[in-house]
2 protein chains.
Amino acid sequence: MGIAETADEQLSIGEVAERTGLSVHALRFYEREGLLVGRVRRTSGGRRRYTPFDVDWLLICVKLRESGMPLADLKQFAELVRQGPGNEAERLELLDVHRQRVDAQIRALEECRSVIAWKVGVYAEHLARGEAGGLWDPTA
Amino acid sequence: MGIAETADEQLSIGEVAERTGLSVHALRFYEREGLLVGRVRRTSGGRRRYTPFDVDWLLICVKLRESGMPLADLKQFAELVRQGPGNEAERLELLDVHRQRVDAQIRALEECRSVIAWKVGVYAEHLARGEAGGLWDPTA
DNA sequence: GCTTGATCTAGACCTCACTCCAGCTCGTAG
DNA sequence: CTACGAGCTGGAGTGAGGTCTAGATCAAGC
C-alpha cells in the first residue's frame with residue numbers, strides 16, 4: 001500500500017491484478033497458457049515481479065479479450081511478438097481481422113438493441129394505455 | 001421441401017431450426033430448460049409442431065441471447081409471459097435492464113475498437129516506414 | 001520469534017450453453 | 001415392403017475461460 005510508482009517499478013501479482021482487473025488466478029493462468037510475451041521475473045523467494053511492460057501487454061490483452069478475442073488468438077499474437085521483429089505484417093493482420101469482428105459485433109448489437117427497444121416500446125405503450133389485451137398470452 | 005407458408009403453418013423442429021438459426025439440439029434444449037412460453041404441440045407420433053407464435057418468440061430469444069442475455073433471464077422472462085397478463089411492468093423492467101446492458105456493451109466495444117485501431121495504426125506506420133525498431137521486443 | 005497476509009504449486013473443479021450419443025420411432029418416397 | 005432421413009428421449013460429454021483448494025513458503029510488522 002502507498003507504494004510509489006516510479007515508472008519502472010516492479011509489481012507483485014496482486015498489484016497487477018488491481019491495475020488490470022484480472023484476478024491473480026487469471027494472471028497465473030494466462031502465464032501458464034503462454035499469453036505473456038516474456039517470462040515473468042521472480043524474486044529470490046520465487047514471487048512474480050511484473051514490469052510495466054508486462055502490465056501494458058496485459059492491458060492490451062484485457063481489451064482484446066473484452067472484445068471477444070479468444071485466448072488462442074491472444075496466444076498466437078504473443079508468440080509473434082516473442083519471435084521478435086520481422087513479422088509485423090502478421091501481427092497487423094491478426095489485429096485488423098479482429099477489429100473487423102468487433103465492428104461486426106457492434107453492428108449486431110445495435111440491431112439487437114433496436115429489436116429490444118421496440119419490444120420495450122410495446123410494453124411501455126401497453127402499460128400507458130392500461131390493461132388493453134393479453135399481449136402475447138398464448139394461454140388464451 | 002417447397003412447403004407453402006400459409007401464415008399459421010405448423011413447423012417441424014428442422015424448419016424452425018432453419019428459420020431461427022438455432023440447432024435442433026438447441027431447440028430441444030431450450031424447451032427442456034423451460035425457455036418456451038407454451039408447451040410445444042406434438043403430432044400423434046410425438047413430433048414437435050411449432051406455431052408461428054413459437055417462432056416469433058424464438059426469434060426474440062435469439063436476439064436477446066445474441067446480445068448476451070443469460071438463459072436464466074430468458075427463462076424468467078418466459079415465466080412472466082406464461083403467467084399471463086398483469087406483470088407487464090416486470091417484463092418491461094427485465095427488457096429495459098437488458099437494453100441498458102447492451103448499451104454498456106456497445107460503449108465498451110467501441111472503446112476496445114479504438115484501442116485496437118490505435119495499435120493497428122502503430123503497426124501500419126511501422127510497416128510503412130520499413131523496419132525502424134523492435135516494436136515491443138522484450139527479448140532485446 | 002510470532003503472527004498475518006500475500007504468494008507459491010499442481011491439479012481438481014466450476015459454469016455456461018450447448019452438443020452428441022445410443023437406441024429407438026415416424027413417415028415418406030420408390 | 002424397404003430404406004432412409006428426420007425426430008424422439010435421457011443422459012453424458014465438450015470447450016472456453018477461468019476459479020478454487022490444499023498445503024507450503026515468504027516477507028513485514030510487532
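Values in this document were obtained by computation on a predicted structure and should not be read as measured data. Only this structure's heavy atoms are used, side chains among them; waters, hydrogens and symmetry mates stay out.
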Worksheet item: How is Arg42(A) classified with respect to the nucleic acid when contacts are heavy atoms under 4.0 Å: base, sugar-phosphate, or nothing?
Response: sugar-phosphate

Item to complete: Please name all residues satisfying side chain to side chain contact (heavy atoms under 4.5 Å, CB included) with Glu33(A), sequence neighbours left out, ordered by chain then number.
Response: Phe29(A), Leu35(A)

Worksheet item: When you check the gap from the basic side-chain N to the acidic O, do Arg19(B) and Glu15(B) get nearer than 4.0 Å?
Response: no

Tell me which donor-acceptor pairs under 3.5 Å the side chains of residues 73-81 of chain B have, and how far apart each pair is, sequence neighbours excluded?
unit_1: Asp73(B); atom_1: OD2; unit_2: Arg101(B); atom_2: NH2; d: 3.4

Practice prompt. Please work out if Arg48(B) contacts a base, only the sugar-phosphate, or nothing of the nucleic acid, heavy-atom cut-off 4.0 Å.
Written response: sugar-phosphate

Worksheet item: With Arg32(A), which residues qualify under salt bridge (charged side-chain N to carboxylate O under 4.0 Å, His left out), at least two apart?
Response: none

Discussion item. Using side-chain heavy atoms (C-beta onward) and a distance below 4.5 Å, is Leu94(B) in contact with His98(B)?
Written reply: no

Worksheet item: Looking at side-chain heavy atoms only, is the closest gap between Arg47(A) and Ile13(A) below 4.5 Å?
Response: no

Worksheet item: So which of residues 63-74 of chain A are in contact with DNA chain C, with a heavy-atom cut-off of under 4.0 Å?
Response: none

Worksheet item: Using 4.0 Å as the upper bound for N to carboxylate O, is an ion pair formed by Arg42(B) and Glu31(B)?
Response: yes

Fill in: Nearest-0.5 Å distance, NZ of residue Lys63(A) to OG of residue Ser114(B)
8.5 Å

Worksheet entry | Student check: side-chain heavy atoms of Ser67(A) and Ile116(B) closer than 4.5 Å | yes

Discussion item. For a 4.0 angstrom threshold against heavy atoms of chain B, report the outermost contacting nucleotides of DNA chain C in 5' to 3' order.
Written reply: dA17(C) to dG27(C)

Discussion item. With a strict under 4.0 Å distance from non-hydrogen atoms of chain B, what nucleotide opens and what nucleotide closes the contacted stretch of DNA chain D, reading 5' to 3'?
Written reply: dA6(D) to dG11(D)

Worksheet item: Are Leu11(B) and Thr51(B) close enough that some pair of their side-chain heavy atoms sits under 4.5 Å apart?
Response: no

Worksheet item: Hey, which of these two, Gly46(B) or Arg32(A), hits DNA chain D nearer its 5' end, going by closest nucleotide?
Response: Gly46(B)

